[in-house]
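Being a predicted model, the structure only gives us computed values, none of them experimental. Positions are given from 1, in the same order as the sequence printed here.
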Amino acid sequence: MRRTKPLLAIGVAIAAIGIVTCFIPDIFNNIPRILLLLCFGLGGFLLFLQMLFSKDKLLSWLKYGGIFHSLVFGCGVVYLLSILIGALILKHNLLTTSKTAVVIMVYGVTIIYLAEVLRKIYLLYPEAEKLNDTGIALSTDKAMILLTGIFMILLGVLLIPVNLGLLPFSGSAQLGLLMTIFAIQMLAFGNTPIGPFPRSWPIILFGLLFAALGITSCIIPEILVSPLTVLVGVLNILGGAIMLWRICSPILKKRDRPRDPVPLVLVKLTFAQVTLNLVSVLFGTSMLVAHMIPGRVIGVILTINGCVLLYLLHILKLLDKM
């Protein structure tokens, strides 16, 4: 679909429900299950019909031959397994636990296979990848800033009642989601918690490791809380400190030289970046030093962090227009 404002709003709503459900299990009762049923079951069914009857899909792919035959196989299997997973979400006892596990593993392997097929197709036909880039101009890296901002705001807001004893909270899911966001940024762009790097195989492997740790922490409560607390704390401190040095060092070197007027939008950008990295150092330190900052204050800090991330996204959009 074209990226419209209503579609973005739906995506933000689904992300918010998913994040809150991880932090506070069962708070939305069956709403997450219904959303997953729609995404997997109905979504897979509609994609399968689209593949069969759209004039630029199945018939064209069969006519092109070669790698496109692999695309037919990969898409067909992914869509059919998606429908099956939707049925499993609807009815738990449709298959035994071991058979359900096999279905999910095969689904994961097939998605990786399809990703590799698409990678080869986009290398051969780079214009094909650009055909889907329609609607609101929001690149994938900016979409990740939006998602991270929502994550931080929701985490900060929820930590306030949690520290007052009004809500239960899953600390392992908090760490797991944060690690998973780190992993997506590393795999998609080479953006690590300590700064950007070329997207090389070592960065990809670290991204997969972060993803595995994050997913495991979300699924199995408390199993990785201690090591992930230290890891996330150290990464936040290092990443914030390194970025502060990169931002402030050139400014300090040029302070005695005559300078041209700096556009206001760049001043705002620098302010947002400095604020984000200061908060990152503060958050990381609070994770390593227990009770250094009261929980309610941490909630306020994270909420501010999320708001500044959204403000940064606004500034980046302005710079794109300029």
Side-chain angles (χ1 to χ4, degrees), residues 8-9 11-24 27 138 140-164 167 169-186 188-189 191-196 210-211 213-214 217-218 225 228-229 231-244 247 268-269 271-288 292-317:
L8 279 179
V12 167
I14 291 174
I17 290 170
I19 290 166
V20 175
T21 300
C22 282
F23 292 160
I24 307 172
I27 189 171
L138 186 69
T140 311
D141 57 338
K142 291 183 178 65
M144 283 304 305
I145 294 175
L146 176 62
L147 178 63
T148 308
I150 294 166
F151 171 89
M152 288 297 178
I153 289 173
L154 290 173
L155 176 58
V157 169
L158 290 172
L159 278 179
I160 296 172
V162 164
N163 281 279
L164 293 173
L167 287 174
F169 188 73
S170 173
S172 58
Q174 169 205 335
L175 292 166
L177 274 176
L178 195 54
M179 290 292 290
T180 304
I181 290 173
F182 285 163
I184 294 171
Q185 291 175 331
M186 292 166 72
F189 320 110
N191 290 341
T192 75
I194 59 172
F210 275 40
L213 293 172
S217 184
C218 284
V225 168
L228 288 189
T229 299
L231 178 59
V232 170
V234 170
L235 288 175
N236 272 276
I237 293 170
L238 283 177
I242 291 170
M243 289 307 296
L244 282 172
I247 294 166
K268 292 178 178 179
L269 176 64
F271 171 77
Q273 290 176 320
V274 169
T275 303
L276 281 174
N277 289 292
L278 284 173
V279 171
S280 178
V281 172
L282 193 59
F283 178 56
T285 306
S286 71
M287 297 189 76
L288 297 180
M292 185 189 82
I293 302 173
R296 282 167 285 184
V297 178
I298 292 176
V300 173
I301 290 171
L302 292 176
T303 304
I304 293 171
N305 189 14
C307 291
V308 176
L309 268 172
L310 297 183
Y311 178 64
L312 175 64
L313 179 60
H314 169 68
I315 294 171
L316 293 174
K317 292 284 290 177

- prompt: Do T192 and Q185 have side-chain heavy atoms sitting under 4.5 Å apart?
  reply: no
- prompt: So, the side chain of S280 versus the backbone of N236: is there a donor-acceptor pair under 3.5 Å, distance only?
  reply: yes
- prompt: Taking all atoms of both residues into account, what is the closest heavy-atom pair of M186 and P193, and its distance?
  reply: SD-CD, 4.2 Å
query: Looking only at heavy atoms, which two atoms of I17 and T21 are closest? And how far apart?
result: O-OG1, 2.6 Å
- prompt: Do the ring centers of Y311 and F271 come within less than 6.0 Å of each other?
  reply: no
- request: Compare all side-chain heavy atoms of V12 with those of I150 and state whether any distance is below 4.5 angstrom.
  value: yes
task: Mind checking the CG-OG1 spacing from N305 to T275? Nearest 0.5 Å is all I need.
output: 9.5 Å
- line: The reported gap from CD1 in I315 to CG in L310 (rounded to nearest 0.5 angstrom) is 11.5 Å
- request: Return the minimal non-hydrogen interatomic distance between Q174 and F23, and the atom names on each side.
  value: CA-CE2, 3.5 Å
field: side chain to side chain contact (heavy atoms under 4.5 Å, CB included) between L316 and L269, intermediate numbers included
entry: CA-CA 8 Å; L316 293 174; L269 176 64; 4.2 Å; yes
- line: Rounding to 0.5 Å, atoms CG (L175) and CG (L231) come to a distance of 9.5 Å
message: Restricting to non-hydrogen atoms, name the atom on I19 and the atom on F151 that form the minimum distance, rounded to 0.1 Å.
response: CD1-CA, 3.8 Å
- prompt: L177 and C22: which non-hydrogen atoms are nearest, and at how many Å?
  reply: CD1-CB, 3.6 Å
field: Inter-residue atom distance M152.CE - I181.CD1, 0.5 Å rounding
entry: 7.0 Å
- prompt: Side chains of F169 and L159: does their closest heavy-atom pair fall under 4.5 Å?
  reply: yes
message: If I compare all heavy atoms of T229 with all of L288, which pair ends up nearest, and what's the gap?
response: O-CD2, 4.3 Å
- prompt: Sub-3.5 Å donor-acceptor pair from the side chain of S217 to the main-chain atoms of G214, do we have one?
  reply: no
- prompt: So, N277 side chain and Q273 main chain: donor-acceptor pair closer than 3.5 Å or not?
  reply: yes
- prompt: How many angstroms lie between CD1 in I145 and CG in L276, if you round to the nearest 0.5 Å?
  reply: 9.0 Å
query: Got a second to check how far I298's CD1 is from T303's OG1, nearest 0.5 Å?
result: 11.5 Å
Side-chain touch I24/S170, heavy atoms, less than 4.5 angstrom: no
